[in-house]
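Residue numbers start from 1 in every chain, and the chains themselves are labelled A, B, ... in the order their sequence lines are given, proteins ahead of strands.
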Amino acid sequence: MELLMQYIVTGLTVGSIYALLAIGFVTVYNITGILNFAQGEFAMIGALTCITFVNAGLPMYASIIFAILISATIGLIVERTAILHARNTSVIILIIITIGVSTFLKGMGLIIWGTNPKQLTPLIKMEPIHFMGAVINPQSIFIFIVLLILLAVLYVFFEKTYIGSALRACEKNPRAAKLMGINPSTMSALAFTLAAALGAIAGILITPITDATYEMGFLIGVKGFVGMVIGGMHSIPGAVAGALLVGLLETFSGGFISTFYSDAITFLVLILVLFFKPNGIFARASGERV
Amino acid sequence: MSKLLEVRGLTKQFGGVTAVSEISFDVGAGEIVAVIGPNGAGKTTLFNMISCFLSPTNGEAYFKGNKLTGQKIPQLAHLGIARTFQNLQIFHNLTVLENVMMGAHVKLKTNVVNAAFRLPRILKDERIAYDLALDAIHLVGLEELMFEQAGQLSYGLQKQLEFARAIVYKPDFIMLDEPMAGLNDYETNRMAGYIKKLKSEGISFLFVEHKMATVMELADRIIVLDFGKKIAEGTPDEIQQNAKVIAAYLGEEVV
Amino acid sequence: MKKLCKSICSFSLMLILVIALSACNMETSGGNDKKDGDGGKEVIKIGAIFAETGPASTLGKTQANYVKLIQKQLDEAGTINGKKIEIIMQDYETDDTKAVIAADKLISEGVVAVVGATQASTSMAILPKISGEGIPLMTVAPVNPEAKDIYQMAPSNLTNASLIIKFLKENNISKVAWINARDGFGVEGLPSFEKVAKENDIKIVAHEEFDATATDMTVQLTNIRKKNPEAVIVWSRTPGAGIVARNFKALGFDIPMIQSSASANKGFLDQVKDNNENIYVIGSKLSVVDQLPNGEQKDRLKKFREDYRTMFNSDPDNFTAHAADGFHLLIEAIKAGNTTSEDIHNYLKTEVNKYSGLTGSFELQSDYVGPYEDGFSVLGIENNEWKYYE
Amino acid sequence: MSKLEKVLYGNRLKPFLFLVGLILMLPFVVKSSYIFTILILIGIYSIVTLGLCLLIGYAGQISLGHAAFFGIGAYTSGVLTTSFQLSPWLALVIGMVTTFFIAYLIGIPILKLKGHFLALATLGINIIFYILILGLNQLTGGAAGLIGIPSLSLFGLPLTDKLFFYFFVWTAALLVLLLSLNIVRSHVGRVLRSIHDSEIATETLGVKVENYKVAIFALSAAFASLAGSMYAHYITFVAPPTFYITKSILFLIMVMVGGAGSVWGAILGTTVIMFLNEIIRFVGHTYFGISGEVEIVVYGLIIILIMMFLPKGLMHVISKPIQKLKQKKKVKIKSHKDMISQKGV
């Protein structure tokens, strides 16, 4: 029984890391219809800037806030330069531009922070907690809490506030939104800044567990992707649920089948979901009129 | 007149809403049938059901005796049914000539293998497609613009291009979804001329149209839909006198 | 505006193509004897292929730094019987294809010998190309012991295995679990260890693997816990090695954990800071120079570390030492008057036998692969520093 | 070349002869074996990008997983020639056939997806393939890779010598180019481009769109497998990291930068990107003393710029002046006129 608990706990820990990134993906996709391959890189920038500030002696909270701000500004610059110009080109070109941005940011990360992994002391220094036989890392509880807070904040922001519904309107029908006086390009800029900030928060939270290197962006980015697609590309709660599911899937397949193929199984599920429910498990089906 | 197209009780429900209910009519060989009705009467839904773009909730359509509903879309062309689209589906990056040559696909036996090894079959096919395309282009008078990118053409010319592409392989039955929409008078008459010319060659038409003048002039028989139901069927003169039609659709503008 | 950008872009791209062509002929004219311009014969070139970036840079970075250090020392020492020695370093970015291209580049530069490939799999990749040209290859990663006509500077995994067995015997442990990363380095450890373990009736009760870039190994460790081993052996580079150690401690294991020599570096120490009791690493004596008994070995290692520290104010690790041994052997061969690949080959094969390198003493004539165990030992960790046991 | 083809597709002999001439001339100009290796790799990668260009440029389907098919070819050749001692040529053919069928089976469900979803699904395929070759280490040598793959020999002529292998690779590349040109310059080429513009319209014209899409997907996979086998025999060693997503992305960038719109663009793109990589690294190391992967900064920047200002790729930029040079349009209308008079319409 206690083995099961350990798998669940680890699954949720890993899942919540992917969830933090999935939120960043969904925000950008939700508003601009662009799948931003460079989302993982924002996490890297957030994490490494925070570490640099902490090593420079700033208090932890100040460096976290600065790191998020820097990452958000980089997100804005990326949007204004690369994305704005090519907003209405084909899907393939947009994918390549975001890949170009991701390569560029990774290169900058290499130049500024070098190759060896850097550590970040966790925010709360606590011994691992034993709970029903499973060992829980305090940092992952912290991640879980932040995840729930973010979910609530984003829910209120998107559903309740004017800007939030304007952002959603932009994605559904940019032309109509324009008629209503909403400017899709500022909305897209807002979306990228928001996504970059969310990416930074994700990066800062996961570094105490995974350490930060200039290369960390890509893989966790892809996993965040998978979570979002499985959960549902159009709803933030759907994406978070999807990401948690990916985490659990990975740990249970690792535990019971073999750690060899846990990644392969996750991607197999991704492909099955893409076939049968392209809009994700938790989203309503939507047809397309000829 | 042997029955070319028989529609038997086609119905379509989207969730609770019944877009089209229990519609039946026939189209004979060499006959032009128009489908009219106010906006939202279910004309395009009916049209899509006949051309197998939408699977009906129940009811079937038969073409030359064999069942049409449930066929795959590419199968229609091989049976000799062509169709055009309300919102103009042409190939923007291809030239006018290439667009029209695409229409000849059913007549060709090209596949990836014999294309790759450039078997003689390919050159013969190219020749067939080119000749067929030339005839169609000549009919709609687009010779001068043959090598222009289709995307650059004006809306009216693109409508003509789509029409030319539909008639290239000489189908027996052409379904036109608002062929005259967005055309000025001169272009409308020209399009009507093409339809008449092809009718004389024995091709039958089913088309959806809002321009009453063209419908009255072209159609042998007219079917009137209102809120998904067939409220009238008959020759243009009968329809003009039919009280229900006037009430539902023509209303005050009786000529 | 668009027209302007288009012309700028197409102009810049034409420029790049022109540069490409010029780069071609610049390359072909044996491009880079920038320093002393005279004919090729006066400069002896030694090639070096290390992973300065990419995942394996945790090991390759210090090796690449060492090339700069030894090049400075060679320039200061002036010419060796009339010949200048130039070391050409290629960073293959942990990508085997780039390593093979780099090998081709070095061959076309006319290098007489190559020290190379931070990773075992990459060394095997460049071996056929380099030995095909009759150029001696000094490998710095534990390549499979049977590989022919190469000079292995790194201790073979058999040597590492016997070190671990010695440690297990001292702490009378007979049931071990093995966990390794699924990359070129990780998979090499187990085959040799299994052989040696069978001879000393040590049972391997569990074997788990993890993706080299994975960030959480609790599942693998939980599977291992089910088999309750008396010790856990980890074969992986950092950062993976560090994450396993952290998860190991978080899950409350109280049995010893033994890590491969790839963890004997500063990066690993930082990863397991303040949480590293009962964690041991196979490390070279270089890491514990001050705790060594005084003697010739201690002074040599101390000098090596001081030189490295003055230039890079960080410590070298045993992978730097392997590269250093490779270069020193080659320089010794050149000092003995051998300037072509064949001379160096038979110098290394016949004349030199005993050689006390930085990571242990070599016996090049014997078929013992790599240095003996005297250069390495199982090191513990005490208040975040390496601890040497007699 | 028949009048009709000249009218429809314009001239293809001149660029082909230009390329053949270039390939023949290069070995005499380039002496350093390093540049030679790059030229050989360009030949191998062009075979992949040609197939990908048909798939992306013409049929409009994106694939972020072609390194998997490249890998299947490499590993089939590697495994069959090392552990089963098969002749390399037989292994090469088996590789292509197996990849064709695997791609066909995968293609049927996958090509129903569009845009981002298709990109993600192919990405998934690539990762699953990567994990499989890592996992099956008895067969594929796993992470340690597969060593000792014999080099090719053609009628007794050992292809270990760079020059022979260079000509062998480029003849294969030219054959693949010819094949692709034939496909593009026929009705099938038009079908693919019409699928790219509007699938629905193509279907109403009687085209079974799925079959064409899957056929091209499988064909481009077979090309990638051919290149994979040649790569394995050239490098004589294969390891999983070479067939990861980063390689698929590299192929995609080569096609798009070269210009997906034309088959020639694929070869141009491959050459430009390969040289770009080497130049930036060469300049980076010698002049700025920066080392390592730093060139990806410049690399990423160039990709962004090209995609923003030259979405149609370099081929488009180069082919425009050529068109103006020959006043292509006039030639077409004139020859078309006498076509009609000849037919007596």
### Message
I need the minimum non-hydrogen distance between B:Glu60 and B:Leu10, along with the two atoms involved.
### Response
N-CD2, 4.0 Å
### Query
Checking D:Thr202 against chain B: side chain, backbone, both or neither under 4.5 Å from a heavy atom?
both
### Message
Please classify the contact of D:Val191 with chain B as side chain, backbone, both or neither, using a heavy-atom distance under 4.5 Å.
### Response
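Contact with chain B: backbone and side chain both.
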### Task
Mind ranking D:Gly261, D:Ser198, D:Ser194 by heavy-atom pairs under 4.5 Å with chain B and telling me who comes out on top?
D:Ser194
### Summary
Of D:Leu179, D:Asn211, D:Val209, the largest count of non-hydrogen pairs under 4.5 angstrom with chain B goes to D:Leu179
Which bit of [X] is near chain D, if near means a heavy-atom gap under 4.5 Å: side chain, backbone, both or neither?
X: B:Ile122; value: side chain
X: B:Asn93; value: both
X: B:His105; value: both

### B:Arg83 and B:Ser51 side chains, donor-acceptor separation under 3.5 Å
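The criterion, which ignores hydrogens and geometry beyond distance, is satisfied for B:Arg83 and B:Ser51.
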### Query
Taking atom types as modelled and ignoring hydrogens, do the side chains of D:Thr270 and D:Thr49 form a donor-acceptor contact shorter than 3.5 angstrom?
yes
### Query
Looking at side-chain heavy atoms only, is the closest gap between D:Ile267 and D:Leu19 below 4.5 Å?
yes
### Side-chain heavy atoms of B:Leu132 within contact of B:Ile128, under 4.5 Å
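Result yes, sub-4.5 Å side-chain heavy-atom pair found.
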### Message
Can you tell me which of B:Leu76, B:Leu108, B:Ile90 forms the most heavy-atom pairs within a distance under 4.5 Å of chain D?
### Response
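Heavy-atom pairs under 4.5 Å are most numerous for B:Leu108.
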### Query
Does the separation of the ring centres of B:Phe53 and B:Phe85 fall below 6.0 angstrom?
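Yes; B:Phe85 has its ring centre under 6.0 Å from that of B:Phe53.
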